[in-house]
S.K.: 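Input: one structure, supplied below.
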Amino acid sequence: VYLPEIQSAPGTVSQVRECSARLMTLAKKSNMSVFLIGHVTKDGSIAGPRTLEHMVDTVLSFEGDVNYQFRLLRALKNRFGTTNELGVFQMHQGGLVEVTNPSELFLEERGEELIGSSIFASMEGSRPILCEIQALTNSTNLAMPRRTAIGFDAQRVHLILAVLDKHLDMDFSHKDIYVNIVGGLKVSEPAADLSVAASLISSEGFQEMNPKLCLFGEIGLTGEVRAVAQAETRLKEALKLGFNKFIIPLSNQKHLKDLPSDSLKFVTWIKHIKDLPKILFGNNTKQAHRDLADLHN
């Protein structure tokens, strides 16, 4: 899209600014919606000058993956509403069909052996979505063990490993670590720390997780488990899908005091990461670590 009367090449700042201004004028005078479809770079940002992104009212990103049948529609910018909202669609023969309950979509193929697998209640804007976080620890002879994270920030994986090493005496220096958000989702919020830590503890101790367990919380460097935003919304979504055991930061207790007592009876409060193994596996945690050490020896 370009204007021939402007003496510059298509795609330059002046062309983008003037074309956008004329299209905005058309939209306002005619009371119509105008969609501008453009390319994105490899990192997902809009290609070309950022002028277009600043001028328009809304920026929508439509993402897909050849390995999955669903498509994600995200609002990256919204001048008249909330941002980071997420719409989930499935591609069928008749076209795109909305997925009314994305949590069920991402959990429908969850396996039966739940070693290294936990459920995290994430928030996409104001929409709660339950997703599965898997972790795998594996012995290695490499001088520099692998640290691979798909759909999650690798730097936060390093932080969580350091906290587990410091406060739970879990040595990952000779282990390859793999963390994966199942289904192609991308989770960027720190609230997923507790779920990642639970998956790592489960994989390292080779102990199965409760299939009806959901947990969330941010982990600090001193081992404290910090409160997260919109805890009530996350909890209600998990209860609706049949989860009946929750591990939630103690700091969120004051935010959930208005919930019915029937809902809170499923909640276990956690204040420090050192309490997590006992909450997850009870008194079997130490024995499992001893058995695993004997097996390695």
S.K.: Please determine whether the number of non-hydrogen atoms from other residues, nucleotides or ligands lying under 6.0 Å from atom CD of Q93 exceeds 12.
M.R.: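 Count not over threshold, so no.
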
S.K.: Heavy-atom count around H174 NE2 within 6.0 Å, excluding the residue itself: above 12?
M.R.: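 Not buried by this count: 12 neighbours or fewer within 6.0 Å.
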
S.K.: Are W269 and I248 packed together at the side-chain level, in the sense that at least one heavy-atom pair is separated by less than 4.5 angstrom?
M.R.: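 When only atoms from C-beta onward are counted, I248 and W269 do touch, with a gap below 4.5 Å.
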
S.K.: Just verifying a value: how many Å separate T222 OG1 and I219 CD1, rounded to the nearest 0.5 Å?
M.R.: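 Between atom OG1 of T222 and atom CD1 of I219 there are 11.0 Å.
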
S.K.: Test of understanding: clusters of I, L, V, M, F, W, Y form through side-chain heavy atoms closer than 4.5 Å, transitively. Do L221 and V157 belong to the same one?
M.R.: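 L221 and V157: one cluster.
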
S.K.: Connecting only ILVMFWY residues whose side-chain heavy atoms lie within less than 4.5 Å of each other, what is the rest of I6's hydrophobic cluster?
M.R.: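 ILVMFWY cluster around I6 also holds L3.
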
S.K.: Does H39 have more than 12 heavy atoms from other residues, nucleotides or ligands lying within 6.0 Å of its NE2?
M.R.: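 At most 12 heavy atoms, drawn from other residues, nucleotides or ligands, come within 6.0 Å of this atom.
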
S.K.: Please report the closest heavy-atom contact between I181 and C131, naming both atoms and the distance.
M.R.: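 So the minimum-distance heavy-atom pair works out to CG2-SG, 4.3 Å.
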
S.K.: Are E204 and L200 close enough that some pair of their side-chain heavy atoms sits under 4.5 Å apart?
M.R.: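 Not in contact.
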
S.K.: State which residues pass side chain to side chain donor-acceptor pair (under 3.5 Å) with S199; sequence neighbours excluded, sorted by chain then number.
M.R.: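 Partners of S199 under the side chain to side chain donor-acceptor pair (under 3.5 Å) test: S118.
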
S.K.: Give the minimum heavy-atom separation between A9 and Q15, together with the two atoms involved.
M.R.: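 Between these two residues, the closest heavy atoms are O-CG, 3.3 Å.
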
S.K.: Can you tell me how far the CG atom of L36 sits from the OG atom of S20, to the nearest 0.5 Å?
M.R.: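 The CG atom of L36 sits 6.0 Å away from the OG atom of S20.
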
S.K.: Under a 4.5 Å cut-off applied to non-hydrogen side-chain atoms, are F246 and L239 in contact?
M.R.: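 In short, these two side chains touch, coming nearer than 4.5 Å.
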
S.K.: Could you check if a side-chain atom of S122 sits within less than 4.5 angstrom of a side-chain atom of F216, using non-hydrogen atoms only?
M.R.: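 Not in contact.
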
S.K.: Name all pairs fulfilling the salt bridge (charged side-chain N to carboxylate O under 4.0 Å, His left out) condition that reach into residues 254-274, sequence neighbours left out, sorted by first residue then second.
M.R.: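 Residue pairs passing salt bridge (charged side-chain N to carboxylate O under 4.0 Å, His left out), neighbours aside: none found.
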
S.K.: Quick check for you: to the nearest 0.5 Å, what is the distance between L185 atom CG and E132 atom CD?
M.R.: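 CD of E132 is found 11.5 Å from CG of L185.
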
S.K.: Can you check side chain to side chain contact (heavy atoms under 4.5 Å, CB included) on M144 and L142, steps first, answer last?
M.R.: CA-CA 5 Å; M144 295 290 291; L142 296 176; 5.7 Å; no

S.K.: Measuring from E237:CD to M123:CE, what's the distance to the nearest 0.5 Å?
M.R.: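 Reported value, rounded in 0.5 Å steps: 9.0 Å.
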
S.K.: Do L194 and I273 pass the side chain to side chain contact (heavy atoms under 4.5 Å, CB included) test, and can you show the C-alpha distance, the side-chain angles, and the key distance before you say yes or no?
M.R.: CA-CA 8 Å; L194 193 62; I273 191 65; 4.1 Å; yes

S.K.: What's in the same ILVMFWY side-chain cluster as M91, cut-off under 4.5 Å, chained through other members?
M.R.: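 L60, F62, L73, F89, L96, listed by chain and number.
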
S.K.: Where do A231 and L256 come nearest, in terms of heavy atoms and distance?
M.R.: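 For A231 and L256, the tightest heavy-atom pair comes out as C-CD2, 3.9 Å.
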
S.K.: Identify, with sequence neighbours excluded, every residue that meets side chain to side chain contact (heavy atoms under 4.5 Å, CB included) alongside M24.
M.R.: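 Partners of M24 by the side chain to side chain contact (heavy atoms under 4.5 Å, CB included) criterion, ordered by chain and then number, come out as K28, M55.
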
S.K.: Quick one: does any side-chain atom of S203 pair with a main-chain N or O of T137 as donor and acceptor, under 3.5 Å?
M.R.: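 Yes.
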
S.K.: Write out all pairs satisfying salt bridge (charged side-chain N to carboxylate O under 4.0 Å, His left out) with one or both partners inside residues 188-203, taking only residues at least two apart or from two chains.
M.R.: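 Qualifying pairs, neighbours excluded: R156-D193, E189-R234.
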
S.K.: Run the salt bridge (charged side-chain N to carboxylate O under 4.0 Å, His left out) test against R146 and tell me which residues pass, sequence neighbours left out.
M.R.: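 D176.
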
S.K.: Group every Ile, Leu, Val, Met, Phe, Trp and Tyr by side-chain heavy-atom contacts under 4.5 Å, then state whether V34 and L76 land in the same group.
M.R.: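 V34 and L76: one cluster.
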
S.K.: When you measure from the side chain of K77 to the backbone N and O of V56, does any donor-acceptor pair fall under 3.5 Å?
M.R.: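 Yes; at least one donor-acceptor contact below 3.5 Å.
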
S.K.: How many angstroms lie between atom CD1 of I247 and atom CZ of F266, to the nearest 0.5 angstrom?
M.R.: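 One finds 15.0 Å between CD1 of I247 and CZ of F266.
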
S.K.: Going hydrophobic residue to hydrophobic residue with side-chain gaps under 4.5 angstrom, can you get from V187 over to Y178?
M.R.: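 No.
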
S.K.: Between D153 and L159, does the side chain to side chain contact (heavy atoms under 4.5 Å, CB included) criterion hold? Intermediate values first, please.
M.R.: CA-CA 10 Å; D153 185 6; L159 182 150; over 6 Å; no

S.K.: Could you report the tightest heavy-atom contact between V225 and G217, atom names first, then the distance?
M.R.: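 Closest approach of V225 to G217, heavy atoms only: CG1-CA, 4.2 Å.
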
S.K.: I'd like to check the side chain to side chain donor-acceptor pair (under 3.5 Å) partners of E232; sequence neighbours left out, ordered by chain and number.
M.R.: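 K236.
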
S.K.: List the steps and the verdict of side chain to side chain contact (heavy atoms under 4.5 Å, CB included) for F281 and S202.
M.R.: CA-CA 9 Å; F281 310 114; S202 172; 3.9 Å; yes

S.K.: Which ring pair (Phe, Tyr, Trp, His ring centres under 6.0 Å) pairs, counting each pair once, include a residue from residues 133-170, with sequence neighbours left out?
M.R.: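 As it turns out, the ring pair (Phe, Tyr, Trp, His ring centres under 6.0 Å) pairs with a partner in residues 133-170, which skip direct neighbours, are H167-H272.
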
S.K.: Identify the heavy atoms of K245 and N210 that sit nearest to each other, and give their distance.
M.R.: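 Nearest heavy atoms, K245 then N210: CD-ND2, 3.6 Å.
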
S.K.: Taking salt bridge (charged side-chain N to carboxylate O under 4.0 Å, His left out) as the definition, give me every residue that meets it alongside D275, ordered by chain and number, with sequence neighbours left out.
M.R.: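 Per chain and number, D275 pairs via salt bridge (charged side-chain N to carboxylate O under 4.0 Å, His left out) with no residue.
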
S.K.: Excluding sequence neighbours, so at least two apart, what forms salt bridge (charged side-chain N to carboxylate O under 4.0 Å, His left out) with E208?
M.R.: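 Scan of E208 (salt bridge (charged side-chain N to carboxylate O under 4.0 Å, His left out), adjacent residues dropped) gives none.
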
S.K.: Hydrophobic clusters here meaning ILVMFWY residues chained together by side-chain heavy-atom distances under 4.5 Å, can you tell me if M32 and F35 are in one?
M.R.: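 No, separate clusters.
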
S.K.: Which heavy-atom pair separates N252 from A227 by the least distance, and what is that distance?
M.R.: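 The pair with the smallest heavy-atom distance is OD1-CA, 3.4 Å.
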
S.K.: List the residues meeting salt bridge (charged side-chain N to carboxylate O under 4.0 Å, His left out) with R147, not counting sequence neighbours, and say none if there are none.
M.R.: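 Here no residue qualifies.
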
S.K.: Would you give the length of the straight line joining atom CD of Q155 to atom CD1 of I160, rounded to the nearest 0.5 angstrom?
M.R.: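 It comes to 11.5 Å.
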
S.K.: Count I, L, V, M, F, W, Y as connected when their side-chain heavy atoms are under 4.5 Å apart, and connections chain through other members. Are I115 and L136 then in the same cluster?
M.R.: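 As far as the 4.5 Å side-chain criterion goes, L136 and I115 are not connected within one cluster.
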
